[in-house]
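What follows is a short report on a single structure.
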Number of protein chains: 2
Amino acid sequence: MRDPSNPVCRTISTLLARIGDKWTVLVVQTLGAGPKRFNELRREIPSVSQRMLTLTLRNLERDGLVSRTVTPSIPPRVDYELTELGQSLQKPICGLATWAMDNVEAIHGAQTRFDAERDDSIAA
Amino acid sequence: MRDPSNPVCRTISTLLARIGDKWTVLVVQTLGAGPKRFNELRREIPSVSQRMLTLTLRNLERDGLVSRTVTPSIPPRVDYELTELGQSLQKPICGLATWAMDNVEAIHGAQTRFDAERDDSIAA
DNA sequence: CAGGATCCTGTAAGATACTG
DNA sequence: CAGTATCTTACAGGATCCTG
């Protein structure tokens, strides 16, 4: 079941890698509010580079989580929108986010204690 | 709420990055079965390098998800174990894994269709 | 046994410039 | 507007050797 050669496990770890990458969750959450155009997304996620936004969207599209609709006008218009699959992913992500929020303090505390001990052993 | 300067959001994205890294989830799942020694973990996760296992465990320890117990015998013995916090993380992770398993086929299908179209446009 | 230190490599990802 | 192409850098992560 945890065998890396198991294709299901490979899909899961690929998914986790995608979730873990720097922009995927941010984009999914932003699109959660409704369809958005390319530059709308850029504006709402100011820190993302154009390149990274493009790549992230391509990956999400490839995985069937986001749909891409081109309107061949001038200027061109491209709308991105969560698919049903993409929307269904929001629930487990939200579970993780909730866990994180519930435990921010515990984690921070642990980190502070850990770093303090490390400093002690350096000082000593 | 999605403001990157918000410390809660930073914690969340740090968590997501940790979840997304190559080994964290594997280690947490492996430790889910009970405490393990360093080389037990290595054996159960054959693909992990010594270095990466050490680093992953340090990070988990720093975040308070894993406890590290040294028994100063010869040879030395070090046991790693999920803390309560670490165990509580298993639930949301499991939510994600379940989602992935439920949707493996949909995702694979989407990828296949996407790649097929890409090949078409190259061929054309 | 558990892990620190070092070296080396591939890839992620930012900045910049150009195009239909 | 919505990208693609190219260059460059930073860091993740593997291999290897060494130590208490």
Side-chain angles (χ1 to χ4, degrees), chain A residues 4 13-27 30-31 35-63 66-81 114 117-119 121-122 124, chain B residues 4 13-27 30-31 35-63 66-81 114 117-119 121-122 124:
Chain A
S13 67
T14 304
L15 169 80
L16 288 170
R18 177 123 21 266
I19 299 293
D21 88 25
K22 218 170 167 183
W23 306 111
T24 296
V25 169
L26 226 47
V27 170
T30 305
L31 285 177
K36 293 266 191 313
R37 300 177 59 176
F38 188 84
N39 278 347
E40 282 185 279
L41 284 169
R42 279 194 80 180
R43 272 191 296 277
E44 300 202 22
I45 312 175
S47 47
V48 73
S49 69
Q50 182 195 49
R51 186 179 120 89
M52 281 304 107
L53 182 55
T54 302
L55 288 177
T56 303
L57 287 167
R58 285 293 171 283
N59 284 329
L60 287 171
E61 188 194 357
R62 186 173 114 92
D63 290 349
V66 161
S67 68
R68 178 171 179 273
T69 312
V70 181
T71 310
S73 52
I74 296 181
R77 174 193 182 101
V78 180
D79 288 277
Y80 292 94
E81 183 174 11
F114 185 92
E117 283 189 31
R118 199 202 43 174
D119 284 353
S121 55
I122 288 175
Chain B
S13 67
T14 304
L15 170 80
L16 288 171
R18 176 125 19 267
I19 299 292
D21 87 26
K22 218 171 167 183
W23 306 111
T24 296
V25 169
L26 225 48
V27 169
T30 305
L31 285 177
K36 294 265 191 315
R37 299 176 59 176
F38 188 83
N39 279 347
E40 281 185 279
L41 284 168
R42 280 194 78 181
R43 272 191 296 278
E44 300 201 23
I45 312 174
S47 46
V48 74
S49 69
Q50 180 196 53
R51 187 178 120 88
M52 280 305 107
L53 183 54
T54 302
L55 288 178
T56 303
L57 287 167
R58 284 294 169 284
N59 284 329
L60 288 171
E61 189 194 354
R62 187 172 114 92
D63 290 348
V66 161
S67 68
R68 178 172 179 274
T69 313
V70 181
T71 309
S73 54
I74 296 181
R77 173 191 182 103
V78 180
D79 288 278
Y80 291 95
E81 183 174 9
F114 185 92
E117 281 188 34
R118 198 202 44 173
D119 285 354
S121 55
I122 288 175

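Letters A, B, ... mirror the listed sequences (proteins, then strands); counts begin at 1. Every value quoted in this text rests on a predicted model; they were computed, and no experiment measured them.
- In this model, the phosphate group of C:dA2 is approached by a side-chain N or O of B:Arg37 to a distance below 4.0 Å at OP1 or OP2.
- Remark: the backbone N or O of A:Ser73 is not paired with any side-chain donor or acceptor of A:Thr71 at under 3.5 angstrom.
- Of the side-chain N and O atoms in B:Tyr80, one or more sit less than 4.0 angstrom from OP1 or OP2 of C:dG3.
- A salt bridge links B:Asp63 with B:Arg18; the closest basic N to acidic carboxylate O contact falls under 4.0 Å.
- Computed from coordinates, the B:Glu40 CD to C:dC1 P distance equals 11 Å when rounded to whole Å.
- For C:dA2, neither phosphate oxygen OP1 nor OP2 lies less than 4.0 angstrom from any side-chain nitrogen or oxygen of B:Arg58.
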Scoring nucleotides 5-20 of chain D by protein non-hydrogen atoms under 4.0 Å (B base, S sugar-phosphate only, - none) yields -B------BBB-B--B
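- For the atom pair CD1 of B:Ile45 and NZ of B:Lys22, the computed distance is 12.5 Å after rounding to the nearest 0.5 Å.
- When the C1' atom of C:dG20 is taken as reference, atom CD1 of A:Ile74 falls 9 Å away, rounded to whole Å.
- Taking atom CZ on A:Phe38 and atom P on D:dC1, their separation rounds to 11 Å, with Å as the unit.
- Distance, A:Asn59 CG to D:dG3 P: 14 Å, rounded to whole Å.
- Looking only at distances, a side-chain donor or acceptor of A:Asp21 sits under 3.5 Å from a matching main-chain atom of A:Thr24.
- Contacts of A:Thr56 classified as side-chain hydrogen bond (donor to acceptor under 3.5 Å, both in side chains), with partners at least two apart in sequence or in another chain: none.
- A:Arg58 is not listed as a side-chain neighbour of A:Leu55, based on a closest heavy-atom distance of 4.5 Å or more.
- When rounded to the nearest whole Å, the span between CZ of B:Arg68 and P of C:dC1 equals 16 Å.
- In this entry the distance linking CZ of A:Arg42 with C1' of C:dA15 reads 11 Å, nearest Å.
- The separation between B:Asp79 atom CG and C:dG3 atom C1' is 15 Å, rounded to whole Å.
- Between the CZ atom of A:Arg77 and the P atom of D:dG3 there is a distance of 12 Å, rounded to whole Å.
- Each of D:dC1, D:dG3, C:dG3 was ranked by its minimum atom distance to the side chain of A:Pro75; first place goes to D:dC1.
- In terms of heavy-atom proximity, A:Pro76 sits nearest to A:Arg37 at O-NH2, 3.7 Å.
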